[in-house]
Amino acid sequence: MCRSRGLPAARGGELRIASDIPPGCGMGSSTADVVAGVRAVADAHGLRLSPREVSDLARRAETACDPLAHGRRPVLFAQRHARVIRSWHRGFPPVLLVGCHASGGPVDTLALGAPEHTARERRECARILHRLERAVVERDARLLGQAATCSALLNQARLPKPELPDLLEICRDVGGVGVQIAHSGTACAVMVDARRPDAVHRARDARTALDELGLPRTVETIWRNA
């Protein structure tokens, strides 16, 4: 790309990438590395790239990518085409994520083939998207949690999480709004409406229950996405 735009070739250099994102768990470690590498090389050449161009280069490098080049803006993203299908400027309602790892990892993302969805699954995806859009418009964490939970259940036929029934039970017990899973890894989370006055207590109860199951911890943070 640099050559095609008439930029002089770089005279060499050393690229160092440091990351604390664990690989193979569906938290975007490979896309983060690739996007960082693309931006570093582009900067060395004085090349300004749009988020779409960065995403396309990342997709070409490893057949699929996450929408990390687009920042914190919530988007519906086609990973294997590096294209934003839909975006929301208002942002999702804030939720508190209490994260853990399911068993079965790490997952070789490149070895996962593109899923062939049945007609029933495509209809379910449309219903999930409808809930997601309502969650954004209405600022409703409950609808966001329902969309995430339906997505997690749908993915059980592809990359099953044996602990998903336990996560669902914990979510019900602590009054969470849903569960979130990585479709290409082991990361999971119980979702709590961050605007509830007792959200922190509910999250602590969820953490205790996850620890009792012996599931390794990941993130515990408020995802504001605004």
Arg204 backbone acceptor or donor facing Thr208 side chain under 3.5 Å: yes
Backbone N/O of Ile21 and side chain of Ser29: donor-acceptor pair under 3.5 Å: no
Pairwise distance CD(Gln156) to NE2(His183) - rounded to 0.5 angstrom: 9.5 Å
Salt-bridge criterion met for Asp211 and Arg217 (N-O under 4.0 Å): yes
Arg202 side chain reached by Val190 side chain, heavy atoms, under 4.5 Å: no
Asp140 side chain to Leu143 backbone, donor-acceptor under 3.5 Å: yes
Separation of Ile181 CD1 from Glu163 CD (nearest 0.5 Å): 11.5 Å
Rounded distance (nearest 0.5 Å) linking atom CD of Glu62 with atom CG of Asp33: 8.5 Å
Audit row: Arg59, Arg80, side chain to side chain contact (heavy atoms under 4.5 Å, CB included) steps and yes/no: CA-CA 7 Å; Arg59 189 267 310 169; Arg80 294 181 183 273; 5.7 Å; no
Qualifying ring-ring contact (aromatic ring centres under 6.0 Å, His included) pairs with a residue from residues 46-72, counting only residues at least two apart or across chains: His70-Phe77
Can I get a per-line list of side-chain donor-acceptor pairs under 3.5 Å for residues 164-176, giving both atom names and the distance, sequence neighbours left out?
none

Minimum side-chain heavy-atom gap Leu132-Trp88 below 4.5 Å: yes
Any donor-acceptor N/O pair, Arg139 side chain to Phe92 backbone, under 3.5 Å: yes
Backbone of Gly99 reached by a side-chain donor or acceptor of Arg207 within 3.5 Å: yes
Residue pair Cys150 / Arg127, side-chain heavy-atom distance below 4.5 Å: no
Nearest heavy atoms of Cys188 and Thr218, plus distance in Å: O-OG1, 4.3 Å
Presence of salt bridge, Glu53 and Arg5, under 4.0 angstrom: yes
Salt bridge (Lys or Arg N to Asp or Glu O under 4.0 Å) partners for Arg39, two or more places apart: none
Glu133 and Arg131 ion-paired at < 4.0 Å: no
Value rounded to 0.5 Å, distance of CG in Leu213 from SG in Cys100: 8.0 Å
Heavy-atom check, side chain of Pro162 versus side chain of Ser103, under 4.5 Å: yes
Test item: Glu121 side-chain N/O and Thr118 main-chain N/O as donor-acceptor pair under 3.5 Å: yes
